[in-house]
Amino acid sequence: MQRTLLTIITEASLERRLIADIKTHGAHGYTITEAQGEGSRGVRQPGFEKAGNIRIEIVCEASVATQIALWLKEHYYRDYAMILFSHEVEVLRPDKF
Amino acid sequence: MSLDPVILFFLLGLAAGLMKSDLRLPAAVYELLSVLLLLAIGMKGGMAMSGVPVLQLTSQLVAVAVMGLVTGLAAFALLLLARRLPRSDAASIAAHYGSVSVGTYAVAVAYLEYLGVSYESYIAAFVVVLEVPAILMGIVLARGLKPAGGWPSLANEVFMGKSVVLLLGGMLIGIIAGPAGLEGIAPLFFDAFKGILALFLLEMGLIAALQLGPARRHGVFLLAFALVMPLIGALIGAAFALAMGLSPGGALLLCTLGASASYIAAPAAMRMAVPEANPGLSLTASLAVTFPFNVLVGIPLYYRIIQAFWPDAGA
């Protein structure tokens, strides 16, 4: 069964707000890991307060992924370091997502 | 006069960072050190607070909250008059400079203890009061009454941030347990205070060095502001200390608080509430320029000035 895996890489300080956003748009769960890297907004390195990045992964229905992506694009892209990508994944328990 | 060894640790970190050493304390260690410092400062303040009349303490706390706003407004006015930065950046930087750095405060405390000068320990309570008002002021100056993300999540960020929780929590523990009760944990929090501070400053030196790269990119104006603003803040602190009748040691602490700029609470809150402000500008000014300036030059300088002019400095 196919579901969509949406991956968001963004500033650690947004964590709580994004969790709320994701839930509002109907995702049933998410996974967050610490991340670091470099992009158009410079090197983002963890270690000092909330200067690092986080990587949020959400497995959900395609329509939910689209909704979340549009919301994030509208509300965060302009001012925050954020990238987002998605692809189809195979899951064994589609009812869970 | 010889240099307090904790300052040498800061210089070591700074030098290692500038020479691109791979030295870094693990993030969890930095986190633990800052927790220990915040709790130790809070508890010291709490223990001292029981001896202070409530009315005097309350009126001083109100005065100090006003001081935070005055310092922040002075920074904002200076930046607006210079016409170099957009209003949101000016407001965000003003919030950083009106708010305070607990790390800088800890260095001033260590400096006084190194010199054997007494001070009013309950000033730790001022640190908590100084953190918040300027942040709220900066948000209002940038966005009026409409912070991004809304007030509830912002209030949570500002009032439940780690520095406010640990300082206030430590203070309550200090008040409830009292000096006798805290004897058992004194070796970790009070006896080891300078050792913890030394390690913390080593890491701060490394972080400041990392921030110096972007500092050069932001140009001379920001650099000049980050050097001049602490002097103005220290003057404001001195005026308030004089009005409150603090001892020379206490006056140094209040000057240092006025001169210091936040790099923990303010960046997190401003990033959330004023996302259009460039976080690089304020953090670079506060971490790469103002923090090292205060630690290396400011604190001894402010104390010299206080010694020269304070009414009962000789007593």
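We name chains A, B, ... by the order of the sequence lines, and we start the count at 1 in each one.
Separating the OG atom in Ser153(B) from the CZ atom in Arg16(A) is a distance of 8.5 Å, to the nearest 0.5 Å. Rounding to the nearest 0.5 Å gives a distance of 7.0 Å between OH of Tyr80(A) and CE of Met272(B).
Phe293(B) CZ: more than 12 foreign heavy atoms inside a 6.0 Å radius.
Across Glu276(B) and Asp79(A), no two heavy atoms sit closer than the pair CA-OD1, 3.6 Å.
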